[in-house]
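The first residue of the sequence shown is numbered 1, and numbering continues consecutively from there. Remember, it's a predicted structure, so these values are computed and weren't measured experimentally.
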Amino acid sequence: MNYNLVILLFSAISFIFYGISSFYSDRMISEYERWGYKNFRKIIALLQLIAGVGLLIGLYFPLLLTLVSALLTIMMITAIFVRIRIKDNIINILPAILYSILNFIIFYKSLSL
């Protein structure tokens, strides 16, 4: 089993799902407000959706994979700091940490393609 592919597919599908749910889910809409990014929700959601698709397309275009995975790593590191700033507990911060690590792995592995 190709673990790199599994990680990439997991991240891509997660970001596509998360991006879509950020447009329509009442829970997600309220989370963006809680994070202080209410006015940027649609832009962030669109970027997440595009990035998820970008990871999938990156399977065929290594440079795109490197770029998208680097940007997602930065986005998730930013999410960690946002959650720390609003004083979320560690359980709420863990998904951002996980996705930071996963996208960094994708980024690192893409450098050797």
Side-chain angles (χ1 to χ4, degrees):
M1 172 178 270
N2 185 345
Y3 293 105
N4 295 328
L5 180 60
V6 171
I7 291 170
L8 187 145
L9 292 175
F10 177 77
S11 183
I13 292 167
S14 295
F15 277 100
I16 290 168
F17 176 78
Y18 194 79
I20 291 170
S21 68
S22 294
F23 281 111
Y24 303 108
S25 165
D26 290 338
R27 180 184 160 276
M28 289 307 303
I29 292 169
S30 67
E31 282 292 286
Y32 277 90
E33 188 171 340
R34 185 174 76 85
W35 298 330
Y37 289 96
K38 177 183 176 182
N39 295 333
F40 300 101
R41 176 180 56 87
K42 291 180 182 177
I43 293 169
I44 294 169
L46 182 62
L47 291 172
Q48 290 171 336
L49 187 57
I50 291 169
V53 172
L55 286 176
L56 296 175
I57 296 171
L59 288 168
Y60 302 100
F61 299 98
L63 182 59
L64 181 63
L65 182 62
T66 300
L67 179 63
V68 171
S69 59
L71 292 173
L72 282 172
T73 301
I74 293 167
M75 181 185 279
M76 290 296 95
I77 290 170
T78 303
I80 293 168
F81 285 110
V82 167
R83 288 184 171 271
I84 291 170
R85 179 179 53 92
I86 64 169
K87 298 181 179 19
D88 267 354
N89 63 40
I90 190 66
I91 297 299
N92 291 335
I93 300 172
L94 281 176
I97 294 170
L98 171 71
Y99 283 104
S100 296
I101 293 168
L102 292 179
N103 283 287
F104 181 77
I105 291 169
I106 296 167
F107 168 73
Y108 182 77
K109 297 289 186 174
S110 75
L111 294 175
S112 64
L113 295 178

Within this structure, what is the [atom1]-[atom2] distance for the pair [X] and [Y], rounded to the nearest 0.5 Å?
{"X": "Phe61", "Y": "Leu59", "atom1": "CZ", "atom2": "CG", "result": "11.0 Å"}
{"X": "Asn4", "Y": "Leu9", "atom1": "CG", "atom2": "CG", "result": "11.0 Å"}
{"X": "Lys38", "Y": "Ser30", "atom1": "NZ", "atom2": "OG", "result": "11.0 Å"}
{"X": "Tyr99", "Y": "Phe10", "atom1": "OH", "atom2": "CZ", "result": "3.5 Å"}
{"X": "Arg41", "Y": "Trp35", "atom1": "CZ", "atom2": "CH2", "result": "11.0 Å"}
{"X": "Ile43", "Y": "Ser22", "atom1": "CD1", "atom2": "OG", "result": "13.0 Å"}

(request) Group every Ile, Leu, Val, Met, Phe, Trp and Tyr by side-chain heavy-atom contacts under 4.5 Å, then state whether Leu98 and Tyr108 land in the same group. (result)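 Cluster IDs for Leu98 and Tyr108 differ.
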(request) Group every Ile, Leu, Val, Met, Phe, Trp and Tyr by side-chain heavy-atom contacts under 4.5 Å, then state whether Leu49 and Leu64 land in the same group. (result)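 Yes, same cluster.
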(request) May I ask you to decide if the ring planes of Tyr32 and Tyr18 are parallel, tilted or perpendicular, using 30° and 60° as cut-offs? (result)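 Answer is tilted, since the angle falls between 30° and 60°.
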(message) With a 4.5 Å cut-off on side-chain heavy atoms, are Asp88 and Arg34 touching?
(response)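 In short, these two side chains touch, coming nearer than 4.5 Å.
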(request) For Phe23, look at atom CZ and say whether over 12 heavy atoms of other residues, nucleotides or ligands are found less than 6.0 Å away. (result)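 Yes, the 6.0 Å shell around CZ holds more than 12 heavy atoms from other groups.
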(request) Would you indicate whether Asn2, at its atom CG, is surrounded by more than 12 heavy atoms from other residues, nucleotides or ligands within a distance under 6.0 Å? (result)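 Enclosed: over 12 neighbouring heavy atoms sit under 6.0 Å from CG of Asn2.
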Please report, to 0.1 Å, the donor-acceptor pairs under 3.5 Å made by any side chain of residues 67-82, with sequence neighbours excluded.
residue	atom	partner	partner atom	Å
Ser69	OG	Leu65	O	2.7
Ser69	OG	Thr66	O	3.2
Ser69	OG	Phe107	N	3.4
Thr73	OG1	Ser69	O	2.8
Thr73	OG1	Asn103	O	3.3
Thr73	OG1	Phe104	N	3.2
Thr78	OG1	Ile74	O	2.9

(request) Give a yes or no on whether the backbone of Lys109 and the side-chain of Ser112 come within a donor-acceptor separation of less than 3.5 Å. (result)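 Yes, the answer is positive, given that a donor and an acceptor are paired below the 3.5 Å cut-off.
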